[in-house]
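Note on naming: letters A, B, ... go to the chains in the order of the sequence lines (proteins, then strands), and numbering restarts at 1 for each one. Because the structure is predicted, anything quoted here is derived from the model rather than measured.
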Number of protein chains: 2
Amino acid sequence: MQKQPTIRDVAQAAGVSVAVVSRVLNPGSGPVAAATRSRVNDVMKTLGYHPRTAARELKFGPPTTLGLLLADVSNPFFARLADQVVQEAHARGIQVLLMTTQEDDQLESERLATLIERRVSGIIATPTGNNLAIWKQLQDLGTEVVFVDRSIPSLPEVDVVSIDNFESARSATALLAAHGHRRIGIISGPAASTTGRDRIAGYRQALETAGLEQDELLIRHAAFRGPAGGDAASALLNIEEPPTALVVANTAQVTEVLRRLSHAGIDIPGTLSVIVFDDSPWTELMTPALTIVRQPIDLLARHSVQLALSNTQGKRSGKPNVIRVAAELVERSSVARLQFSK
Amino acid sequence: MQKQPTIRDVAQAAGVSVAVVSRVLNPGSGPVAAATRSRVNDVMKTLGYHPRTAARELKFGPPTTLGLLLADVSNPFFARLADQVVQEAHARGIQVLLMTTQEDDQLESERLATLIERRVSGIIATPTGNNLAIWKQLQDLGTEVVFVDRSIPSLPEVDVVSIDNFESARSATALLAAHGHRRIGIISGPAASTTGRDRIAGYRQALETAGLEQDELLIRHAAFRGPAGGDAASALLNIEEPPTALVVANTAQVTEVLRRLSHAGIDIPGTLSVIVFDDSPWTELMTPALTIVRQPIDLLARHSVQLALSNTQGKRSGKPNVIRVAAELVERSSVARLQFSK
DNA sequence: TTGTAGGCGTTATCAA
DNA sequence: TTGATAACGCCTACAA
């Protein structure tokens with residue numbers, strides 16, 4: 001284990017001053033004779049010298065680091081988001097510090113503290129919904145905060161990138177109605193989440209347009225984690241007049257709900273038609289292939305990174321950026337056309 | 001956008017010296033009067049002071065950061081690994097810098113360069129197989145390198161954490177043989193990868209034990225990315241005497257292979273029995289539920305983090321740590337018992 | 001119990 | 001074209 005050479009070691013070995021080495025390191029920061037440059041470069045190579053990021057960061061402001069604070073990377077949706085964010089960031093030469101909250105606000109606040117201490121230039125996050133004071137502080141500190149997928153209603157001044165939740169749920173519901181379904185259930189995120197609220201609103205709108213009765217029993221909110229989604233599904237199937245179609249509008253709960261339906265021996269789409277918010281590759285492999293709402297994860301990632309980086313130059317003046325990208329309804333085979341309806 | 005207060009601002013506002021503030025910040029580093037401590041704490045709070053990690057890292061050696069270098073986080077296997085690694089690391093108060101290579105050695109070398117400049121204390125990686133010199137340099141620099149899931153044969157001095165690939169493939173193949181299958185195909189990772197080689201070896205061993213003939217046509221290597229897996233599956237089905245059972249031993253290719261089988265209208269397990277290396281939740285949801293080899297991702301993560309962190313205290317002396325955890329064969333419904341065999 | 005001063009590795013300013 | 005030197009923010013002997 002050799003000890004790391006510093007810029008001074010390089011300077012000494014090359015017979016120049018540290019200033020010259022620094023200039024070689026940062027082309028354009030000053031003149032260096034061609035001969036000197038190549039000599040210094042050689043020395044750096046033989047010594048195995050690498051400039052130390054920590055020292056650089058100390059001197060300048062925000063480092064080239066982005067914080068990515070997700071609920072949970074084992075969820076394929078977040079995983080793919082993370083993948084895209086990382087790629088997008090790397091393409092711009094910046095690094096990603098990945099943190100997870102497990103939907104726990106206590107953990108979230110700890111992670112945020114770390115992020116503050118590291119002086120990351122931006123944070124892309126799926127907020128739990130609490131820690132309002134910290135989010136505000138972050139913005140005051142000049143950190144660019146971007147909420148992705150969800151947001152916090154009481155923090156309207158934060159940038160948001162998400163799909164058009166209202167329209168996505170509306171069109172999914174409308175498709176079911178158009179297939180003759182009269183009793184359409186929906187499982188969505190927590191009532192407190194913007195995502196959940198918007199999707200429910202779109203659902204209601206579709207029912208209204210189709211002239212269908214709204215039954216609160218058919219609307220279920222499920223927490224992002226845990227068995228809530230499965231429980232909601234079971235509950236829905238056990239009401240007096242159960243739904244013939246179901247929209248699973250909570251990405252985090254799709255697998256859980258499907259597992260429950262499968263165990264209950266529900267025939268899809270014979271007994272129950274299903275549309276899910278999740279475009280994981282396996283939705284196509286199931287029997288029947290699932291009709292899905294596809295979220296353009298690449299766009300979500302690209303816009304998030306862009307916002308998290310661009311605004312850094314303290315614009316923090318006008319309104320926050322709210323970017324809504326369109327989701328795509330992909331029809332496959334999990335929706336049945338109802339012949340007879342009461 | 002307020003400018004960030006420094007330790008000096010806090011000291012001044014509290015009417016003490018920076019040394020005192022520093023001691024408050026790092027309990028145990030020196031005595032502070034209780035009254036002074038609380039006063040300083042108050043000031044820190046009102047000023048919104050946060051010590052700057054970059055400055056701390058500059059003073060001490062390796063920072064509290066780990067590099068996680070994966071091929072691709074959109075692959076559920078890696079995603080769940082990342083999730084666990086992050087949790088494991090956070091539990092120890094250390095952060096994770098996530099980078100991806102897309103199986104591209106050029107990208108890998110760039111990522112490694114950044115990791116070197118950041119002086120991360122350890123790196124957990126799924127190596128592409130190249131960049132040998134850099135990996136060596138990393139170790140010489142005192143960075144703890146841990147390969148997870150795969151390794152590089154020509155770098156035997158690097159720690160490795162993986163499942164027992166030989167045994168996993170052996171038992172999966174043996175199960176098929178026990179069910180009466182005589183023509184068993186296998187799709188595995190690149191021949192150059194340790195993972196692929198070990199799994200093929202286990203497969204051969206099982207065939208030998210069962211007294212079955214080995215046919216090189218039944219052995220296919222597929223690159224980690226791209227359509228290779230699907231092509232291999234198609235090729236297998238088109239040989240003169242196609243297999244009645246298939247082991248998909250390349251986690252990265254499972255979805256691709258299944259998609260191809262599905263599109264080809266192959267009946268599982270009627271026409272083809274299947275065992276896959278992938279314990280994603282959806283393997284249970286498919287029809288039929290897939291028989292799988294379950295990788296204990298949590299153990300892989302825990303051991304990796306542990307190795308990446310523990311050895312930091314320059315032990316670099318004895319042999320490298322090689323940890324093999326057992327994988328579990330989970331029987332479900334994708335393997336048929338053959339009644340008549342030639 | 002508290003304060004002073006020097007150094008961590010790098011870049012930038014200003015002379016030479 | 002190059003070199004000396006002062007920051008950047010924090011920690012830590014060593015003094016007071």
Please report, rounded to the nearest Å, how far the [atom2] atom of [N] is from the [atom1] atom of [X].
| X | N | atom1 | atom2 | answer |
| --- | --- | --- | --- | --- |
| B/Leu25 | D/dC10 | CG | C1' | 9 Å |
| B/Asp9 | D/dG9 | CG | P | 9 Å |
| B/Arg52 | D/dC11 | CZ | C1' | 15 Å |
| A/Gln4 | C/dC8 | CD | P | 15 Å |
| B/Arg23 | D/dG9 | CZ | P | 21 Å |
| B/Arg118 | C/dG9 | CZ | C1' | 15 Å |
| A/Leu58 | D/dC11 | CG | C1' | 12 Å |
| B/Ile7 | D/dA7 | CD1 | C1' | 17 Å |

* Asked: Any luck finding a side-chain donor-acceptor pair between B/Ser74 and B/Asp72 under 3.5 Å?
  ->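 Yes, side-chain donor-acceptor contact under 3.5 Å.
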Quick one: which of [options] gets closest to the side chain of [X]?
| X | options | answer |
| --- | --- | --- |
| B/Ala55 | D/dT2, C/dG3, D/dC10 | D/dC10 |
| B/Val18 | D/dC11, D/dG3, C/dT10 | D/dC11 |
| B/Ser17 | D/dT2, C/dT1, C/dT4 | C/dT4 |

* **From CA spacing to verdict: side chain to side chain donor-acceptor pair (under 3.5 Å), A/Gln102, B/Gln87** => CA-CA 9 Å; A/Gln102 266 77 249; B/Gln87 287 196 51; 3.3 Å; yes
* **N/O donor-acceptor pair, side chain A/Lys59 with base C/dA12, under 3.5 angstrom** =>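 By the distance-only test, no, there is no pair.
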* Check if the side chain of A/Arg119 and the base of D/dG9 share a donor-acceptor pair of N or O atoms closer than 3.5 Å. =>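 There is none.
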Measuring to OP1 and OP2 of [N], would you say a side-chain N or O of [X] lies under 4.0 angstrom away?
| X | N | result |
| --- | --- | --- |
| A/Thr36 | D/dT2 | yes |
| B/Arg56 | D/dC11 | yes |
| A/Thr6 | C/dG9 | no |

* To do: On DNA chain C, check which nucleotide each of A/Arg8 and B/Arg8 is closest to and give me the residue with the more 5' one.
  =>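 Going by which nucleotide is closer to the 5' end, it is B/Arg8.
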* Asked: Hey, does A/Pro31 reach any base, or is it just sugar-phosphate, or nothing, if we go heavy atoms under 4.0 Å?
  ->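 Result for A/Pro31 = base.
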* Asked: In this structure, are over 12 heavy atoms from other groups packed under 6.0 Å from A/Gln12 atom CD?
  ->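 Check fails, neighbour count at 12 or below.
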* To do: Using a strict 4.0 Å threshold on nitrogen-to-oxygen distance, state whether B/Arg52 and B/Glu57 make a salt bridge.
  =>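 Looking at B/Arg52 and B/Glu57, the cut-off is not met.
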* To do: Inspect the contact between A/Arg150 and A/Glu103 and indicate whether a charged nitrogen and a carboxylate oxygen are less than 4.0 angstrom apart.
  =>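 So A/Glu103 pairs with A/Arg150 through a salt bridge.
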* Which residue lies more 5' along DNA chain D, comparing B/Ala19 with A/Val16 via nearest heavy atoms ->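 Nearest nucleotide further toward 5': that of A/Val16.
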